[in-house]
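This one's a predicted model, so the numbers in the text were calculated from it and none came from an experiment.
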Amino acid sequence: MKIYKTIPCFFLMAALCGCTTQSIEDAKAIEETKSYAYRYEYETDSAGEAVTKIYNEKPTYDENEQVEEYQQGPLSNKTSMMKFIKMNETFEYYDCEFTVKEAVATRNYNYAKEIIDDKYIDEVMKYFKKQIAYDVDGNLKEDDNRTVWIKIHMKYNGNTSKNVNMCSGFVVKKDDGKLYPFGVQLFVDREERFTSSKDNSIAYCMDINPEDEYDMWIGFEAPVVNSWTYYLEGSFGYIFQPTGYTGYLIELDIEDRG
């Protein structure tokens, strides 16, 4: 089996080896269509639990104004600074071997009941029911949007227990051939928000122990366009300027189940 390895170089990439609380300003991701702008903010509710809030704003303009569609800029670094791999290829990060096994897109969050481990499903469903992007039946309100479920196999080869940040992102190659940061990460099924009783649990962070080996699911929300190529950021823990990412990009073969 071919295993890809990387040694982090901190003047080329900013990846966290632990977990850090990120500000709302750093966490904002803006995505705009021709009619509406969506602002995603990661906030803490009254119970101290991190939630994603999505604000839907219709632009106002008069008939004499020219309206231009906003678009997040492309990645600023050269593609030579990325490590492109495919699903089912193994790469090393955090002293772990990671392999992306599946990528499925659905409109309804109840698909979680088919794939998430029984130990985590109750907390994951509570999380989804708080998200205003979904209606009471669990469907995304925006017809073009999908919840994208990504199955990752992880094997930890380290000798000590540690806490790691599994924050990730989508990158898409659009019809112009450029790479753009895209979508918003929703959850990691094994993250401490769902598994820990401590008051200061941090989104996307999880504990790993020597000899751990298991599958996990990461969820994203994003439109799925057939002509675009989608990638998962595999250099986990990057929380800085989205266009500055460097590291692993795993090309996804997304099965859209509608």
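Classification of Lys151 and Asp215 as a salt-bridged pair holds, one side-chain N sitting under 4.0 Å from a carboxylate O. In summary, Asp117 and Arg190 do not engage in a salt bridge, as defined by a charged side-chain N under 4.0 Å from a carboxylate O. Between Lys86 and Glu89, none of the side-chain N atoms (NZ, or NE/NH1/NH2) sits under 4.0 Å from a carboxylate O, so this pair counts as no salt bridge. Electrostatic pairing of Asp256 and Arg146 counts as a salt bridge here, judged by a charged N lying under 4.0 Å from a carboxylate O.
For Asn159, the CG atom counts as loosely surrounded, since its 6.0 Å shell holds 12 or fewer non-hydrogen atoms of other residues, nucleotides or ligands. By the neighbour-count criterion of 12 heavy atoms within 6.0 Å, atom NZ of Lys178 is sparsely surrounded, having that number or fewer from other residues, nucleotides or ligands.
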Between Leu252 and Val100, does a side-chain contact (heavy atoms from CB on, under 4.5 Å) hold up when you go through it step by step?
-> CA-CA 8 Å; Leu252 301 174; Val100 177; 4.0 Å; yes
Glu211 vs Tyr156, side-chain contact (heavy atoms from CB on, under 4.5 Å): CA-CA, chis, key distance, verdict | CA-CA 6 Å; Glu211 300 184 0; Tyr156 178 42; over 6 Å; no
For Leu232 and Phe220, what are the C-alpha separation, side-chain angles and deciding distance, and is it a side-chain contact (heavy atoms from CB on, under 4.5 Å)?
-> CA-CA 10 Å; Leu232 175 72; Phe220 288 85; 3.7 Å; yes
Is there a side-chain hydrogen bond (donor to acceptor under 3.5 Å, both in side chains) between His153 and Glu213 once you walk through the steps?
-> CA-CA 7 Å; His153 185 79; Glu213 183 173 3; 2.9 Å; yes
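A distance of 13.0 Å separates OG of Ser196 from CE of Met206, quoted to the nearest 0.5 Å.
Ring pair Tyr94/Phe236 is parallel by interplanar angle, where below 30° counts as parallel and above 60° as perpendicular. Ring geometry for Phe91 against Tyr248 counts as tilted: the plane angle lies between 30° and 60°, on a 0 to 90° scale.
For Phe182 and Trp228, the gap between ring centers is short of 6.0 Å.
Using modelled atom types and a 3.5 Å distance limit, the side chains of Arg257 and Tyr111 yield a donor-acceptor pair. Side-chain contact of Asn110 with Asn108: a donor-acceptor pair under 3.5 Å is present, judged by distance alone.
Judged by the 6.0 Å and 45° rule, Lys173 forms no cation-pi pair with Tyr180.
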